[in-house]
2 protein chains.
Amino acid sequence: MAKDNQVSITVIRRLPKYYRYLTELKEKGISRISSQELSVLTGFTASQIRQDFNNFGGFGQQGYGYNVEDLHRELKRILGLDTEYNAVIVGAGNLGQAIANYKGFEDAGFKVLSLFDRNPKVIGLKIRDIEIRDIETIDSFIKENNVQIGIITTPKESAQAVANIYVKNNIKGIWNFAPTDLVVPDNVVVENVRLNESLFILSYFLRTMEEK
Amino acid sequence: MAKDNQVSITVIRRLPKYYRYLTELKEKGISRISSQELSVLTGFTASQIRQDFNNFGGFGQQGYGYNVEDLHRELKRILGLDTEYNAVIVGAGNLGQAIANYKGFEDAGFKVLSLFDRNPKVIGLKIRDIEIRDIETIDSFIKENNVQIGIITTPKESAQAVANIYVKNNIKGIWNFAPTDLVVPDNVVVENVRLNESLFILSYFLRTMEEK
DNA sequence: ATTTACATGTGAATAAATTGACACTCTTTT
DNA sequence: AAAAGAGTGTCAATTTATTCACATGTAAAT
């Protein structure tokens, strides 16, 4: 199989969709699936699917297809979902609270340990059982709690400062909801969620559709 | 210039980033910018930027570059941000409320008129001045309020049913936060926000980074 | 057992996206 | 008014991604 040099980001961004459908198939008790059938589900071509999986070594069997459970497990491992992550959120506004409240992330192995904010009105409140703490206390919290992921749900003006705090405290993964580009060292990963941009894309296609 | 057949989705997905930086430049009072300078800001290559803009007709001037205000206005028009949209949200949980609460969308021309839910405990509540209404009343609301965009922030189990409601009421743009693929007619645009998938990508790179 | 159908993995062909290079035009300087 | 500098628009080259096609191995059927 060989872990080779580098799988392209184009391929990586398709993996979660495979994983989602495989989870569904597994839940339905379906034990085998062909690239052709996966193609119908995902909308990617069968050939593309086979090529994608081959980046990580062939998981399939000629004349049979893929074993759902095996493939699911492999994708889970590839995506790093076979370990637990601890996360904290800075920015305890609605979005931060919404994320803290969403059970789905915890089910996937991402545990939000605490929210942080500077607003005294929210400090001390709890979302589920997750406490909102004073941002001033974040350094020691991260050190004491083995936090691997930092989530940013502040306004864009504060986002870089929060990123700096995360970096300083040796956090290697940042999930950024603020509409700005963060500057971080090479060994830190930033994944952005661009709600604005997504909405603009929708707007573009709405407009384009109208013109037809 | 010629509006040609079809600009590739790859190009389209870069436009919001250009638009974001141009908005910043405009706010700073900067009046001209070259593709080279934009390249430094956005991380795309200068050549790519020129190619991208040329899909919509050249907005630049040789020896000068691009006029920030003009380019900003063009992108605004291309993205369909020069018109106002009315939106409704189905699913008045934390995420729905967070979106309703976010002033940024309104500033960009997207006005959330109402939230809808089936849970009697939240019906009647207000987020800012946006009322949460009974989902049973959505048909007439959409008809009476010229709604163009439907937002889905329900659990995945209800998402397709909500999409059906939107389609039935002649909504042509759906912004979907539920982790499922919606089936809609060809003339309806769906833009998905995949929070789970985004988090999984972060997890992938965290894992990959560790292994180095 | 043998045959038939199936479906992967892979190498080659095609298509799409990115990068490179430069002629040409406009701006600015002298 | 002329010369120098800057930077677009575009065509060509390269790289990357997708699709095609099939040899080969496996499973199921007879």
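Every chain is numbered from 1, with letters handed out A, B, ... down the list of sequences.
Checking B/I151, B/T154, B/D117, B/L115 one by one against B/V90, the side-chain contact (heavy atoms from CB on, under 4.5 Å) holds for a single residue, B/T154.
A/W175 and A/F110 have their aromatic ring centers separated by at least 6.0 angstrom.
Considering only side-chain N and O atoms, A/Y66 lies nowhere under 4.0 angstrom from the phosphate OP1 or OP2 of C/dC6. Note on A/R50: every side-chain N or O is 4.0 Å or more away from OP1 and OP2 of C/dG9. Considering only side-chain N and O atoms, A/T45 lies under 4.0 angstrom from the phosphate OP1 or OP2 of D/dT19. When the side-chain nitrogen and oxygen atoms of A/R32 are compared with OP1 and OP2 of C/dC6, none of them lie within a distance under 4.0 Å.
Considering only the side chain of B/Q62, D/dG7 comes nearest among D/dG7, C/dA7, C/dA17.
Comparing A/G63 and A/G60 by the nucleotide of DNA chain C that holds the closest heavy atom to each, the one mapping nearer the 5' end is A/G63. Comparing B/Q51 and A/S47 by the nucleotide of DNA chain D whose heavy atom lies nearest to each, the residue mapping closer to the 5' end is B/Q51. Along DNA chain D, the nucleotide nearest to B/G65 and the one nearest to A/V11 differ in position, and the one closer to the 5' end is contacted by B/G65.
Side-chain contact of B/N55 with B/Q51: a donor-acceptor pair under 3.5 Å is absent, judged by distance alone.
Pairing analysis of DNA chain C (Watson-Crick: purine N1 to pyrimidine N3 plus N6-O4 or O6-N4; G-U wobble: N1-O2 and O6-N3; both under 3.5 Å) yields stems of 3 or more pairs at C:1-30 with D:1-30.
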